[in-house]
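In what follows, chains are A, B, ... by sequence order, proteins preceding strands, each numbered from 1.
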Amino acid sequence: MSVIYLDNNATTEIDPQVLESILPYLKSEYGNPSGMYTFAGKLKRDLDKARSQVAALINASAEEIIFTSCGTESDNTALVSALETYPEKRHIVTTRVEHSAILNMCKHLSRKGYAITFLPVDREGMIDLDELADSVTPSTAVVSIMYANNETGVVYPIEQIAQIVKSKGVLFHTDAVQAVGKLPVDMNKIPVDMLSLSGHKLHAPKGIGVLYIRKGTRFQPYIIGGHQEDGRRGGTENVASIVGLGTACEIAAKYMNHENTEVRRLRDKLENTLLSKISSSMLNGHKLSRLPNTTNISFEFIEGEAILLLLDEHRICASSGSACTSGSIEPSHVLRAMGVPFTAAHGSIRFSLSRYTTEQEIDKVIELLPPIVNRLRQMSPFWHEQASQLSS
Amino acid sequence: MWDYTKKVYDHFLNPRNVGDMENPDAYAEVGNMACGDALTLMLKIDKKTNIITDAKFKTFGCASAIASSSVLTELLIGKTIEQARKITNQDIAERLGGLPKEKMHCSVMGQEALEKALAQYFGEEIPEDHTELEGVIVCKCFGVTDSQIAKVVRENNLHTVGDVTNYCKAGGGCGQCHPEIEDIIRQVHGGVRVEPEKPVGQKKVMTNIEKILLIQKTIEQEIRPQMEADGGGIDLIDVVGNKVLVALRGTCVGCRTAQFTLKHAVESKLRELVDEDIFVEEVK
Ligand SMILES: Cc1ncc(COP(=O)(O)O)c(C=O)c1O
Ligand code: FES
């Protein structure tokens, strides 16, 4: 039985071409790019090429790209740099549905005395733009709002958001970790100051990230050390992964259309069929403004971990916003912020597809999931009550 | 991914005794959907022999919640009520070959359901241990009472708020109740001196916490001074139901008359001042 991998928002399979491009750097091309010899000089050029490849995918210029160790580092760096370069401003605006890389950093900063506004979201996961505008004040150092949400796939109107924030003269950062590679992201069009992305979400290795910093943006390094990345991020470059990310970005551009047609078609097929075949199920997140690869569905009266483990019996990989999958006691902060009732939040499943997903795989899930949901509902004390309620 | 044992998987994938029961003799619902797990337990009890002849469950929850419910029914069928009463959450976890610590609350839920079902079976007649021990809600996020928290702390020898959250969920939400949970942990382990409102010796229905505090106070005020005068000492280690576990210190350790001291000085004093049913054991 082969694996049906539908958890691409968690991480992705490394593209074979990406792997090819990486291997020399793990073997013969092991030099330190800072070295003063030809052996190292080539590596420096390889890094520059990768930088251009990344820049091209988001329509930026190469000097605006710094490589980091992951999306989390990029997110942390953006916030801390903003606070350090505007020391008189002690306020951050963000949302309640950010990834923990932003959310927990903000909570940490709040304990250190910074004021944080966590914007609420509506039932579909959207923020209110007027509320955003009202919350940005002269003492706001930075606004950080994600491009697309990892759990629901909801895509935020980043262009409009960026315009609102920039019209107030405030720094704007977006966590685009889930967007880059799935949606066209254009730095020429969208006035963001800083943007985070992460290699392992677009078929590059784990442990490589990027922070885009628009030319002219005040910046302070977060990892302090050597002169690497033009003095903006210390630490000997992860050459292999950087080259891999460059390759991955080039390939991602080629698949952009595929992602938004074929992947979207399969996602829609999965979503529509499950919602119609399984009663008491519902979509979490905005139906239209959404990543093409993501669907998050709640199956009421049952619990997510149990669903995942039964799917795992068929080697189907997905994820859940249920508390029990995370070791935390409360279900997903994203679904709770959206006001998804507990009855549904505990039984939410996220399927996230990729260009490797096949129609047969989707058909398999469509065939296998309804009996799994049914089996768990037969065990659930609440399902019985629900059924009798409906019949009375 | 959780490191579940083969037994957890077995009971999750092939749950025993799942389903409804017509006219159960004992019935209990614990947990609720907001908390992420809930269990309905149904028992058939032979009135003459007091033997549990059948058990059924329905569970909303993760794999370990379903597995815990399933082994609970296995543990119960064929047991007398007296035997069933002795089943603890650790028995459930052990029978599953262990549970990840974050999942211990699943075994606690099983034990709670059992207690509640037996209380329901006996109706008003045997209120002890149950109805009057509900206590006051400490954790509003998960609706957990002081007596529930004290019970898991005592029976599982828990020492941190994190442990308490793993075992009964209390403290896992907003965190506001953490100081109170810390107080309960300290009280259970005998670290806090609280002046009981009632004079020592007044016999009344006590909550477990009150009882422990009273035992603590009695040992401190009535027993320890006496023993210290004799060059020895005593520490309260734990209280499990009516069993009081103590450690002897100083010249008492290994002293030939230690058993005598324990029975006569300590036990009789506690019986006199706290509860006639108390018995004392020494922890070495
Ligand atoms: C929206 C979002 N931001 C940040 C991250 C963190 O990226 P990384 O795993 O590279 O630290 C992730 C990935 O989990 C994500 O989905
Ligand atoms: S009151 Fe206990 S966690 Fe909120």
Side-chain angles (χ1 to χ4, degrees), chain A residues 7 10 107 111 280 298-315 317-333 335-336 339-349 372-388, chain B residues 1-4 8-9 11-20 27-42 56-67 69-70 100-103 105-106 113 139 141-142 144 162 164-175:
Chain A
D7 201 15
K107 287 182 186 161
R111 283 190 293 273
S280 297
S298 279
F299 304 100
E300 288 189 88
F301 312 107
I302 53 178
E303 202 276 332
E305 182 199 294
I307 303 173
L308 291 184
L309 291 187
L310 290 178
L311 283 172
D312 187 46
E313 288 294 296
H314 303 282
R315 306 209 62 192
C317 313
S319 74
S320 169
S322 116
C324 280
T325 56
S326 56
S328 75
I329 297 290
E330 286 194 296
S332 142
H333 69 280
L335 299 185
R336 292 300 299 143
V340 174
F342 276 112
T343 58
H346 285 296
S348 71
I349 299 290
I372 286 175
V373 169
N374 192 41
R375 170 173 171 181
L376 290 170
R377 281 181 173 167
Q378 293 309 317
M379 280 187 221
S380 168
F382 302 121
W383 179 244
H384 177 72
E385 286 167 22
Q386 171 75 4
S388 61
Chain B
M1 181 137 192
W2 299 110
D3 200 4
Y4 285 138
V8 171
Y9 267 104
H11 278 270
F12 166 59
L13 295 173
N14 314 291
R16 332 285 200 261
N17 308 307
V18 65
D20 283 314
Y27 179 94
E29 291 174 2
V30 293
N32 61 58
M33 202 141 33
C35 292
D37 42 29
L39 160 61
T40 302
L41 181 67
M42 295 150 277
K56 285 261 188 284
F57 79 90
K58 281 201 149 186
T59 291
F60 161 80
C62 56
S64 57
I66 291 170
S69 313
S70 170
K101 70 179 191 322
E102 295 85 349
K103 295 285 187 176
H105 62 85
C106 296
C139 179
C141 291
F142 290 98
V144 190
V164 169
T165 306
N166 287 335
Y167 277 73
C168 68
K169 302 197 166 190
C174 68

Answer yes if the side chains of A/S322 and A/E303 hold a donor-acceptor pair under 3.5 Å, and no otherwise.
yes

Stepwise side-chain contact (heavy atoms from CB on, under 4.5 Å) check, A/L308 with A/I349
CA-CA 8 Å; A/L308 291 184; A/I349 299 290; 3.7 Å; yes

May I ask you to decide if the ring planes of A/W383 and A/F301 are parallel, tilted or perpendicular, using 30° and 60° as cut-offs?
tilted

Heavy-atom pairs under 4.5 Å with chain A: which of B/I66, B/V18, B/L13 has the most?
B/L13

Shorter than 4.5 Å, heavy atoms on both sides: which option in B/T59, B/T40, B/L39, B/D37 has the most such pairs with chain A?
B/T59

What part of A/Q378 gets within 4.5 angstrom of chain B, counting heavy atoms only: side chain, backbone, both, or neither?
backbone

Quick one: do B/K58 and B/F60 satisfy side-chain contact (heavy atoms from CB on, under 4.5 Å)? Show the steps, please.
CA-CA 7 Å; B/K58 281 201 149 186; B/F60 161 80; over 6 Å; no

Which atoms of B/P15 approach chain A - backbone, side chain, both or neither, heavy atom under 4.5 Å
side chain

For the residue pair A/R336 and A/F342, would you count it as a cation-pi contact if the rule is NZ or CZ under 6.0 angstrom from the ring centre and within 45 degrees of the ring axis?
yes

Side chain, backbone, both or neither: which part of B/S64 has a heavy atom under 4.5 Å from chain A?
backbone

